[in-house]
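So the structure is just underneath, and the comments pick up after that.
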Amino acid sequence: MTKKHHYFFAVKLPKEVKGFLNKWVEQHRNEFPFGRWVHLEDYHITLAFLGFAEKNRLIEATNNIKERLSKINQFHLTLNKIGTFGSPKSPRIFWADVLPSEDLTSIQKSVYEQCIALDFELDKKPFRPHITLARKWKGEQPFDANSLTEVKTDKGEMISFLVSDIVLYESHVEETPKYREIELIQLNER
């Protein structure tokens, strides 16, 4: 029986940012007892989750998105703070977000609209850019929202990075890392 994989378009994070986030996680893991920590190679910012899709639909979506983004320049994002989704006392998702970015919002809107035009059924919730770090709170005490912090270097500096690639990922939940890069869409250099 062939496994059906899920697909999604996402911002690919540079290796340095993945390494920084992984180091931050290792330094703070004991403060935040979550059940499953995300592998550093799986860090990304989802733009549109497609679910299962036939190969021809993926090719069409990728080609259309490449065309839509063909005039879009690379841009910078800055890591911001830690947050959660789910119950305030027992969150299901632990994430890092980025400072608001018109460039990111515009790209997400283009990708989303293109996928909708091709009849993909996408999540209708407002776009909330984030990088999932862990899942399933396992603490003995309720989660304390006051423990959430900004994501900064040891010297208190914010981390900015260049977004140069949008990727179509394929999900392999039985593997680590879980996500395989299927198609790379490069943004224009400034």
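Note: hydrogens, waters and symmetry copies are ignored here, and every other heavy atom, side chains too, is used.
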* Asked: Rounded to the nearest 0.5 Å, how far does CG of L47 lie from CD1 of I65?
  -> 8.5 Å
* Structure fact -> Which of W95, F94, W37 passes ring pair (Phe, Tyr, Trp, His ring centres under 6.0 Å) with F32? It is F94
* Asked: For the side chain of Y112 and the backbone of F127, is there at least one donor-acceptor N/O pair under 3.5 Å apart?
  -> no
* Asked: Which heavy atom of P129 sits nearest a heavy atom of L104, and at what distance?
  -> CB-CD2, 3.6 Å
* Asked: In Å and rounded to the nearest 0.5 Å, what is the CD to CD distance from Q108 to E113?
  -> 9.0 Å
* Asked: Should M158 and L13 be regarded as members of a common hydrophobic cluster, given that ILVMFWY residues are connected when their side-chain heavy atoms come within less than 4.5 Å of each other, either directly or indirectly?
  -> no
* If two hydrophobic side chains count as joined below 4.5 Å and joins carry through other members, does L148 share a cluster with V151? -> yes
* salt bridge (charged side-chain N to carboxylate O under 4.0 Å, His left out) partners of K136, counting only residues at least two apart -> none
* Side-chain touch D123/F49, heavy atoms, less than 4.5 angstrom -> no
* To do: Determine yes or no for a side-chain-to-main-chain donor-acceptor pair under 3.5 angstrom, with H130 supplying the side chain and T132 the backbone.
  => no
* Kindly compute the distance separating CD (Q74) from CG (N188), expressed to the nearest 0.5 Å. => 8.0 Å
* Asked: Would you say T62's side chain and L58's backbone share a donor-acceptor pair under 3.5 angstrom?
  -> yes
* Inspect the surroundings of CD in E31 and state if more than 12 heavy atoms from other residues, nucleotides or ligands are less than 6.0 Å away. => yes
* To do: Indicate the atoms forming the closest heavy-atom contact of Y169 with K12, along with that distance.
  => OH-CG, 3.7 Å
* **Stepwise side-chain contact (heavy atoms from CB on, under 4.5 Å) test for F143 and F34** => CA-CA 10 Å; F143 182 82; F34 280 83; 4.2 Å; yes
* Asked: Should E26 and R29 count as an ion pair when the cut-off is N to O under 4.0 Å?
  -> yes
* Any idea which heavy atoms bring I185 and K66 closest together, and the distance? -> CG1-CG, 3.6 Å
* Would I93 and L79 show up in the same hydrophobic cluster when neighbours are defined by side-chain heavy atoms closer than 4.5 Å? -> no
* What's the verdict on side-chain contact (heavy atoms from CB on, under 4.5 Å) for H5 and H172, showing C-alpha distance, side-chain angles and the deciding distance? -> CA-CA 7 Å; H5 300 286; H172 292 260; 3.0 Å; yes
* Find the distance between CD1 (I182) and CD1 (I59) and round it off to the nearest 0.5 Å. => 11.0 Å
* Which residues pass the salt bridge (charged side-chain N to carboxylate O under 4.0 Å, His left out) test with K23, sequence neighbours left out? -> D154
* Structure fact -> The salt bridge (charged side-chain N to carboxylate O under 4.0 Å, His left out) partners of E170 (sequence neighbours excluded) come to none
* Who passes salt bridge (charged side-chain N to carboxylate O under 4.0 Å, His left out) against R92, sequence neighbours left out? -> none
* To do: Identify the heavy atoms of Y7 and A53 that sit nearest to each other, and give their distance.
  => CE1-O, 3.8 Å
* Where at least one partner belongs to residues 155-167, residue pairs that pass side chain to side chain donor-acceptor pair (under 3.5 Å), sequence neighbours excluded -> T78-S160
* Does the side chain of P14 reach to within under 4.5 Å of the side chain of L162, using non-hydrogen atoms? -> no
* Answer with yes or no after comparing the ring centroid distance for Y179 and F8 against a 6.0 Å cut-off, counting only values under it. => yes
* Interatomic distance, L99 atom CG to H76 atom NE2 [nearest 0.5 angstrom] -> 13.0 Å
* Any donor-acceptor N/O pair, T105 side chain to E102 backbone, under 3.5 Å -> no
* Mind checking whether L184 and L77 sit in one hydrophobic cluster, side chains of I, L, V, M, F, W, Y counted as touching below 4.5 Å? -> no
* Asked: Can you find a heavy atom in the side chain of H39 that is under 4.5 Å from one in the side chain of D42?
  -> yes
* To do: May I ask whether F75 and L69 are part of the same hydrophobic cluster, defined by side-chain heavy atoms of I, L, V, M, F, W, Y residues being less than 4.5 angstrom apart, directly or through others?
  => yes
* Side-chain touch R180/E175, heavy atoms, less than 4.5 angstrom -> yes
* Out of I166, L187, V167, which residue meets the side-chain contact (heavy atoms from CB on, under 4.5 Å) rule with V11? -> I166
* Structure fact -> All heavy atoms of S171 vs all of V173, minimum pair found to be OG-CG1, 3.7 Å
* **Main-chain N/O of L40 paired to N22 side chain as donor or acceptor, under 3.5 Å** => no
* Could you state the interatomic distance from CD (E181) to NE2 (H44), rounded to the nearest 0.5 Å? -> 12.5 Å
* Please collect all salt bridge (Lys or Arg N to Asp or Glu O under 4.0 Å) contacts where either partner lies in residues 55-65, sequence neighbours excluded, each pair once. => none
* To do: Carefully, step by step, assess W24 and T149 under the rule side-chain contact (heavy atoms from CB on, under 4.5 Å).
  => CA-CA 11 Å; W24 189 93; T149 65; 3.6 Å; yes
* To do: Inspect the surroundings of CG in N30 and state if more than 12 heavy atoms from other residues, nucleotides or ligands are less than 6.0 Å away.
  => no
* Is it true that atom CD of E121 has more than 12 heavy atoms of other residues, nucleotides or ligands lying nearer than 6.0 Å? -> no
* Structure fact -> For D144 and S147, the nearest pair of non-hydrogen atoms, with its separation, is O-OG, 2.5 Å
